[in-house]
Participant: 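Here it is, the structure, as structure tokens.
Residue numbers start at 1 and run along the sequence shown.
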Amino acid sequence: MTARSRLTLLYAALVLAAGALLTTLTSLLLRRDGGHRVSVITLGPSPEPAGIPPLPPSINAVTLTDFVGQAAIALAVVTALAAVVGWLVAGRVLRPIRTISATARRLSAENLSERIPVTRPLDELATLAGTVNGMLDRISDGVAERDRVLVSQRLFTANAAHELRTPLTTMRTAIDVTLDSRPGVEELLAMAADVRTAVEQSRRTLDGLLALARSQAGTGVRDRVDLAEIVASSLDGVALPVRADLRPAPVRGEPVLLERLCGNLVDNAVRHNRSGGHVEVATGGGDGRAFLRIGNSGAPIAPDAVDRLREPFVRGDGTRIHTGRGAGLGLSIVDAIVAAHRGEITLAARPAGGLDVVVHLPAADHPG
């Protein structure tokens with residue numbers, strides 16, 4: 001039996017019980033009052049005019065019998081009407097629950113965007129709808145986090161397999177070529193140097209891929225940190241002239257990732273600079289956001305090639321990076337860290353050469 005049927009039976013049973021109780025009480029009152037009137041009529045002096053017969057003593061029983069019969073018919077009609085009205089009222093009351101059930105049936109792991117409409121006024125059913133919507137929001141966030149982690153893992157595996165193939169091939173070739181003959185000390189030392197170089201390249205690649213995967217998986221414990229202090233630490237030991245305007249820029253995030261963000265930007269600005277060039281750094285905040293701006297005076301970059309600098313192991317012209325200057329993951333890691341902290345990053349080519357990188361993150365005390 002459905003909830004609507006049970007509620008209808010409950011309404012009808014309550015009306016029937018209330019009607020039966022009311023009929024019983026009314027009959028008892030009529031019996032008491034009728035008997036009193038009959039006793040007065042039979043015991044007192046006859047007030048009837050001459051020629052009119054006296055009221056028979058059985059009039060009380062006849063009146064109660066007629067009343068009980070008519071009351072039973074009326075009670076049956078009222079109970080039937082109560083059942084019809086109860087069926088309609090139960091359907092209206094349970095309509096939000098049917099809406100919740102239909103919405104839940106339409107939802108799946110691939111479609112979590114639909115939400116249950118919250119009706120007015122805010123009664124218990126509206127509260128239930130809001131609670132279900134909140135649960136769906138949490139499930140949607142969890143699925144998005146899962147997808148982000150899976151994408152990060154797939155990217156890590158694919159990039160690691162691709163980028164580690166070159167140093168492994170280098171090591172295998174150096175060993176095979178050296179051991180094909182009877183190597184002397186110089187040949188063995190040369191082979192060891194080649195292997196050492198390939199191992200160092202593999203280490204840098206793995207370190208960069210691990211940082212990239214961790215950044216794409218999201219942040220852990222968030223602490224209050226100042227970007228100005230992190231950038232100031234990253235600038236220690238920079239050989240190029242630095243034009244710094246470091247104002248307080250408090251944000252809330254994972255300190256290790258934010259240190260990697262600032263360190264990568266400073267390292268890129270120094271590494272991809274020209275001889276006699278400089279680095280410009282500025283931090284600050286306002287309107288609920290903190291910013292970090294780093295620019296350099298490097299080689300000219302085509303404006304349509306700027307966005308490609310964010311791709312792992314890819315230059316702006318689309319070629320793969322295989323140099324000793326780095327693993328080619330700096331801006332990819334920065335982009336992932338900014339996304340994990342719900343920020344924005346913009347890249348712009350300077351007309352005179354070099355690159356401007358601007359990072360905006362929610363301020364520490366801002367709810368976003």
Participant: Can you see which heavy atom on A90 is nearest to which on T8, and at what distance?
Facilitator: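 Heavy-atom minimum between the residues: CB-OG1, 4.4 Å.
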Participant: Given side chain to side chain contact (heavy atoms under 4.5 Å, CB included), test D226 with I230 step by step and report yes or no.
Facilitator: CA-CA 7 Å; D226 193 345; I230 298 178; over 6 Å; no
Participant: Provide the closest heavy-atom pair for F291 versus A249 in the form atom of the first, atom of the second, distance.
Facilitator: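 Of all heavy-atom pairs spanning F291 and A249, the closest is O-CB, 4.2 Å.
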Participant: Measuring from atom CG of D267 to atom CZ of R260, what distance do you get when rounded to the nearest 0.5 angstrom?
Facilitator: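 The CG atom of D267 sits 9.5 Å away from the CZ atom of R260.
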Participant: If we ignore hydrogens and angles and just use 3.5 Å, is the side chain of H341 paired with the main-chain N or O of E254 as donor and acceptor?
Facilitator: yes
Participant: Taking E280 first and then R350, would you say they form a salt bridge - that is, a charged N and a carboxylate O separated by under 4.0 Å?
Facilitator: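 Here E280 pairs with R350 in a salt bridge, since their nearest N and O are under 4.0 Å apart.
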Participant: Give the cluster check for L240 versus V281: same hydrophobic cluster or not, with ILVMFWY residues linked at side-chain heavy-atom distances below 4.5 Å.
Facilitator: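 Shared cluster, yes.
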Participant: What closest approach, in Å, do T79 and A12 show between heavy atoms, and which atom pair accounts for it?
Facilitator: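 That closest heavy-atom pairing would be CG2-O, 3.9 Å.
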Participant: Indicate yes or no: at least one non-hydrogen side-chain atom of P362 is less than 4.5 angstrom from one of V251.
Facilitator: no
Participant: CD of Q70 to OG1 of T23: how many Å apart, nearest 0.5 Å?
Facilitator: 11.5 Å
Participant: Of the non-hydrogen atoms in L361 and G343, which two are nearest, and what is the gap between them?
Facilitator: CD2-CA, 3.8 Å
Participant: For salt bridge (charged side-chain N to carboxylate O under 4.0 Å, His left out), just list the numbers for R182 and E187, CA-CA rounded to whole Å, side-chain angles, deciding distance to a tenth of an Å, and then say yes or no.
Facilitator: CA-CA 9 Å; R182 292 183 177 273; E187 288 81 0; over 6 Å; no
Participant: Should L246 and L227 be regarded as members of a common hydrophobic cluster, given that ILVMFWY residues are connected when their side-chain heavy atoms come within less than 4.5 Å of each other, either directly or indirectly?
Facilitator: yes
Participant: Using side-chain contact (heavy atoms from CB on, under 4.5 Å) as the criterion, point out the one residue from L261, V357, L292 that pairs with I345.
Facilitator: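 Answer after filtering L261, V357, L292: V357.
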Participant: Please answer whether the main-chain N or O of R247 pairs with a side-chain N or O of T283 as donor and acceptor at a distance below 3.5 Å.
Facilitator: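 Yes, the answer is positive, given that a donor and an acceptor are paired below the 3.5 Å cut-off.
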Participant: Can you find a side-chain donor-acceptor pair between D194 and T170 that sits under 3.5 Å?
Facilitator: no
Participant: Quick one: does any side-chain atom of T178 pair with a main-chain N or O of L188 as donor and acceptor, under 3.5 Å?
Facilitator: no
Participant: Is it possible for you to say whether L168 and I175 belong to one hydrophobic cluster, with membership spreading through side-chain heavy-atom contacts below 4.5 Å?
Facilitator: yes
Participant: Is the shortest heavy-atom distance from the side chain of L75 to the side chain of L16 under 4.5 Å?
Facilitator: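 Of all side-chain heavy-atom pairs linking L16 with L75, at least one is under 4.5 Å.
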Participant: Please assess D356 against L347 for the test side chain to side chain contact (heavy atoms under 4.5 Å, CB included), listing each intermediate value before the final yes or no.
Facilitator: CA-CA 6 Å; D356 268 328; L347 307 179; over 6 Å; no
Participant: State, to 0.1 Å, how close V266 and S234 come at their nearest heavy-atom pair, and which atoms those are.
Facilitator: CG1-O, 3.8 Å
Participant: Check whether D223 reaches the backbone of R252 with its side chain - one donor and one acceptor, N or O, closer than 3.5 Å.
Facilitator: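 Such a contact is absent between D223 side chain and R252 backbone.
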Participant: Only pairs under 3.5 Å count here: list side-chain donor-acceptor contacts from residues 132-144, not counting sequence neighbours, and write none if there are none.
Facilitator:
residue, atom, partner, partner atom, Å
N133, OD1, I116, N, 2.8
N133, ND2, I116, O, 2.8
N133, ND2, A129, O, 3.4
D137, OD1, R115, NE, 2.8
D137, OD1, R115, NH2, 2.8

Participant: When rounded to the nearest 0.5 angstrom, what distance separates CG in L235 from SG in C262?
Facilitator: 9.0 Å
Participant: Measuring from R196:CZ to M171:CE, what's the distance to the nearest 0.5 Å?
Facilitator: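 Answer for the CZ-CE pair, R196 versus M171, is 13.0 Å.
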Participant: Can you measure from CG (N264) to CG (L331) and round to the nearest 0.5 angstrom?
Facilitator: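 Between atom CG of N264 and atom CG of L331 there are 8.0 Å.
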Participant: Between V89 and L81, is there a shared hydrophobic cluster once you connect ILVMFWY residues whose side-chain heavy atoms come closer than 4.5 Å?
Facilitator: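 No, because V89 and L81 fall into different hydrophobic clusters, even though each may have its own neighbours under 4.5 Å.
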Participant: Could you state whether I294 and V242 fall into the same hydrophobic cluster, counting links through intermediate Ile, Leu, Val, Met, Phe, Trp or Tyr residues with side-chain heavy atoms under 4.5 angstrom apart?
Facilitator: yes
Participant: Applying side chain to side chain contact (heavy atoms under 4.5 Å, CB included), run through H360 and V358 and close with a yes or a no.
Facilitator: CA-CA 7 Å; H360 286 94; V358 181; 3.4 Å; yes
Participant: What distance separates N296 CG from L265 CG, expressed to the nearest 0.5 Å?
Facilitator: 10.5 Å
Participant: Which heavy-atom pair separates L355 from A348 by the least distance, and what is that distance?
Facilitator: CD1-O, 3.4 Å
Participant: Are side-chain heavy atoms of R289 and E344 found at a separation under 4.5 Å?
Facilitator: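 Side-chain contact under 4.5 Å: yes.
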Participant: Taking CZ in R172 as the centre, count heavy atoms belonging to other residues, nucleotides or ligands within less than 6.0 Å. Is the count above 12?
Facilitator: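 It does not: R172 CZ has 12 such atoms or fewer within range.
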Participant: If only atom types and distance count, is the side chain of D245 paired as donor or acceptor with the main-chain N or O of A282 below 3.5 Å?
Facilitator: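 No; zero donor-acceptor contacts below 3.5 Å.
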